[in-house]
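First comes the structure, then the notes that go with it.
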Amino acid sequence: MRFSKTLIPTLREAPAEAEAISHILMLRAGYVRQLASGLYIYLPLGWRVLNRINKIIKEEMDSIGDQEISMPVLHPAEIWQQTGRWSEIGEEMFRLRDRTNRDMCLGMTHEEIITWLASKEIRSYRDLPQSWYQIQTKLRDEARPKSGILRTREFLMKDCYSFDKDEAGLEENYKKHEEAYHRIYKRCGLNFYQVESDPGMMGGSTAHEFMAPSLAGEDEIVLCDKCGYSANREVEKGDKCPKCNEPLKAEKAIEIGNIFKLGTKYTIALKAVYLDEQGKEKPIVMGCYGIGPARIAASAVEQSHDRDGIIWPESIAPFDVEIITLNMNKTEVLNASESLYGVLKSRGVDALIDDRDVSPGVKFKDADLIGIPWQIVVGEKNIKDGFVELKYRKTKEVEKVRPEEAVKRLTERH
RNA sequence: CGGGGCGUAGCGCAGCCUGGCUAGCGCACCUGCCUUGGGAGCAGGGGGUCGGAGGUUCGAAUCCUCUCGCCCCGACCA
């Protein structure tokens with residue numbers, strides 16, 4: 001992609017309303033813009049990051065046999081009334097009426113809808129297990145949206161729901177998803193912990209949260225260095241580890257995912273049942289598994305940046321490499337840059353070429369701010385001797401190499 | 001929802017307390033020249049009516065009332 005033709009509105013100074021580091025950097029580097037409190041527009045770079053995260057999520061979900069579907073954002077009230085949540089949930093649910101005056105709401109989660117689907121389509125134990133997921137918009141009228149894209153009123157969520165005939169099946173599904181989540185966060189380049197959590201209003205017995213340590217986090221987790229015990233501060237009130245009695249240490253963290261054993265709370269309410277081997281009717285046993293892609297992105301920025309800007313993990317960066325054409329008025333420089341750009345593209349390496357007619361300083365500053373992991377600097381002096389510079393954003397380490405060598409190295413990584 | 005803070009040009013800010021010239025600065029933007037390895041320089045130029053409404057006053061960005069919006073802390077977080 002060409003910088004000169006792409007909407008990448010970088011800011012020299014941070015807007016006053018931003019406080020969290022990820023918020024400041026994503027605003028300054030031109031990834032997002034705020035429409036209103038808790039509502040964000042993803043610009044080209046931001047949307048690319050989100051899509052790369054979603055791709056990783058899909059690959060891992062598909063790998064354990066989950067099936068992608070898509071459910072509506074607009075829901076009829078009746079289904080929510082059947083589970084009781086229409087009245088249990090307060091102002092956090094956006095409610096509205098359609099033209100026939102029918103009560104509707106905007107989906108803040110999809111247990112009701114997916115269970116409705118299961119109730120219609122699953123008849124027999126032979127139909128189980130099933131596991132369906134979507135990456136869909138959720139709407140919650142948050143009391144206090146905050147920290148940029150960390151806590152918004154409209155956000156993307158990967159939500160997955162498993163259906164089993166019994167607890168043993170649920171246990172197996174739960175385990176599979178737990179493991180897939182570990183792979184997802186690892187692939188996204190995050191530091192994270194899995195902690196025990198309170199199922200709360202979701203109902204059910206067991207729940208775990210996935211937490212990315214960061215000062216911008218709203219949650220506090222407690223950890224035991226000795227035995228590895230970890231929990232959300234909300235459930236663990238003491239200072240000593242309940243497993244080995246060692247002192248616990250506390251850390252701020254961002255919740256980047258959660259998994260719940262829901263049991264039969266929703267399936268009983270919505271009559272999602274099946275016939276077992278004996279022809280006996282039983283409620284389906286459910287689990288649900290959520291991930292917030294935007295929170296993964298924000299956590300990555302919180303965990304990986306320096307004074308100059310973002311340092312993206314290679315797996316979720318908006319591009320693999322940025323070509324910095326230093327002297328737009330020198331044909332050798334221009335030709336070498338363009339040829340590199342063409343070759344990289346043809347080899348499947350995602351490249352952004354900074355072809356703007358601005359001073360070198362601006363390009364260096366913007367490149368560091370945007371945080372693409374690799375930079376190829378094409379300058380007048382080096383190109384005369386047939387060299388370009390391959391620069392690693394994270395360490396700022398620079399290597400003088402032949403263009404072919406730069407291509408080779410990036411192709412290998414890719 | 002309780003507490004606090006802030007709304008002046010695209011961004012960052014000054015001016016407000018102690019009302020008074022055509023509302024100012026830096027960056028960004030436009031034109032020209034020049035320049036090209038870490039947010040270059042010179043010259044010229046465009047853009048705001050001070051979040052909104054009402055009030056006080058000869059006169060309001062500035063004082064008063066109401067209102068809208070945004071941020072932070074807390075509560076909440078399915």
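Residue numbers start from 1 in every chain, and the chains themselves are labelled A, B, ... in the order their sequence lines are given, proteins ahead of strands. Bear in mind the structure is a predicted one, so any value in this text is a computation, not a measurement.
- Atom CZ of A:Arg85 is separated from atom P of B:C77 by 13 Å (rounded to the nearest Å).
- Each of B:C1, B:G12, B:G37 was ranked by its minimum atom distance to the side chain of A:Asn382; first place goes to B:G37.
- Nucleotides B:G55 and B:A14, compared at atom P, are 31 Å apart to the nearest Å.
- Straight-line distance from the CE atom of A:Met93 to the C1' atom of B:C77: 14 Å, rounded to whole Å.
- Put simply, the side chain of A:Gln130 gets close to the backbone of A:Asp127: a donor and an acceptor are under 3.5 Å apart.
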Collect all protein-nucleotide pairs involving nucleotides 69-75 of chain B in which both atoms are nitrogen or oxygen and the distance is under 3.5 Å.
| unit_1 | atom_1 | unit_2 | atom_2 | d |
| --- | --- | --- | --- | --- |
| B:C70 | OP1 | A:Ser37 | N | 2.8 |
| B:C71 | OP1 | A:Gln34 | NE2 | 2.9 |
| B:C71 | OP2 | A:Ser37 | OG | 2.9 |
| B:C72 | OP1 | A:Ser147 | N | 3.4 |
| B:C73 | OP2 | A:Arg144 | NH1 | 3.2 |
| B:C73 | OP2 | A:Arg144 | NH2 | 2.7 |
| B:C73 | N4 | A:Arg144 | NE | 3.4 |

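- Comparing the same atom, C1', in B:A60 and in B:U49 gives a spacing of 12 Å after rounding to whole Å.
- Screening residues 102-121 of chain A for ring-ring contact (aromatic ring centres under 6.0 Å, His included) gives A:His75-A:His110 as the qualifying pairs, with residues at least two apart or on separate chains.
- B:A60 makes up no base pair with any nucleotide shown, lacking Watson-Crick or G-U wobble contacts both under 3.5 Å.
- The pair A:Asp320-A:Arg52 counts as a salt bridge, with a side-chain nitrogen and a carboxylate oxygen less than 4.0 angstrom apart.
- Across B:U65 and B:G2, the matching C1' atoms stand 23 Å from one another, rounded to whole Å.
- Taking the charged nitrogens against the carboxylate oxygens, A:Lys408 and A:Glu404 have no contact shorter than 4.0 Å, which rules out a salt bridge.
- Across all strands shown, the partner of B:G69 is B:C6, judged by Watson-Crick or G-U wobble contacts whose two distances both fall under 3.5 Å.
- To the nearest angstrom, P of B:C76 lies 16 Å from CE of A:Met108.
- Of all the residues in residues 76-84 of chain A, not one reaches under 4.0 Å from RNA chain B with any non-hydrogen atom.
- Using modelled atom types and a 3.5 Å distance limit, the side chains of A:Asn232 and A:Ser197 yield no donor-acceptor pair.
- Look at B:G48: it lacks any Watson-Crick or wobble partner with both distances under 3.5 angstrom.
- For the pair A:Asp357 CG and B:C29 P, the computed distance is 12 Å after rounding to whole Å.
- With A:Pro293 as the partner, the side chain to side chain contact (heavy atoms under 4.5 Å, CB included) test is satisfied by one option alone out of A:Ile316, A:Leu50, A:Asn51: A:Leu50.
- In this entry the distance linking CG of A:Leu326 with P of B:U36 reads 13 Å, nearest Å.
- Distance OG/A:Ser339 to CG/A:Leu334: 11.0 Å, rounded to 0.5 Å.
- A salt bridge is defined here as a Lys NZ or Arg NE, NH1 or NH2 lying under 4.0 Å from an Asp or Glu carboxylate O, and A:Lys265 with A:Glu111 fails to meet this definition.
- For CG of A:Asp385, the number of neighbouring non-hydrogen atoms (other residues, nucleotides, ligands) closer than 6.0 Å is greater than 12.
- A distance of about 14 Å separates the P atoms of B:A61 and B:G54, rounded to the whole Å.
- Taking atom C1' on both B:U62 and B:C16, the two are 4 Å apart, rounded to the nearest angstrom.
- B:G37 atom P lies 15 Å from atom CG of A:Asp354, rounded to whole Å.
- The separation between A:Arg140 atom CZ and B:C1 atom P is 20 Å, rounded to whole Å.
- One P atom belongs to B:G47, the other to B:G37, and the distance between them is 36 Å to the nearest Å.
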_Walk along nucleotides 38-43 of chain B from 5' to 3' and tag each nucleotide B, S or - by protein heavy-atom contact under 4.0 Å, base first, then sugar-phosphate._
BBS---
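- With RNA chain B read from its 5' end, the first of the two nearest nucleotides for A:Gly379 and A:Glu255 is the one closest to A:Gly379.
- Every residue two or more places apart in sequence or in another chain was checked for a salt bridge (charged side-chain N to carboxylate O under 4.0 Å, His left out) with A:Arg12, and none qualifies.
- Judged by a 6.0 Å distance limit and a 45° cone about the ring axis, A:Arg402 is positioned over the six-membered ring of A:Phe387.
- The nucleotide B:G26 finds its pairing partner in B:C11, both defining distances of the Watson-Crick or G-U wobble pair being shorter than 3.5 Å.
- Nearest-nucleotide assignment on RNA chain B puts the 5′-proximal partner with A:Met328, out of A:Met328 and A:Glu218.
- Contacts of A:Glu167 classified as salt bridge (charged side-chain N to carboxylate O under 4.0 Å, His left out), with partners at least two apart in sequence or in another chain: none.
- Nucleotide B:G74 has B:C1 as its partner under the Watson-Crick or G-U criteria, with both atom distances under 3.5 Å.
- Salt bridge status for A:Glu59 with A:Lys55: present, with a side-chain N to carboxylate O gap under 4.0 Å.
- Atom name P, nucleotides B:C30 and B:G10: the rounded distance is 15 Å, in whole Å.
- Comparing the C1' positions of B:U22 and B:C64 gives a spacing of 28 Å, expressed to the nearest Å.
- If you measure from atom CG of A:Asn327 to atom C1' of B:G37, you get 8 Å, rounded to the nearest angstrom.
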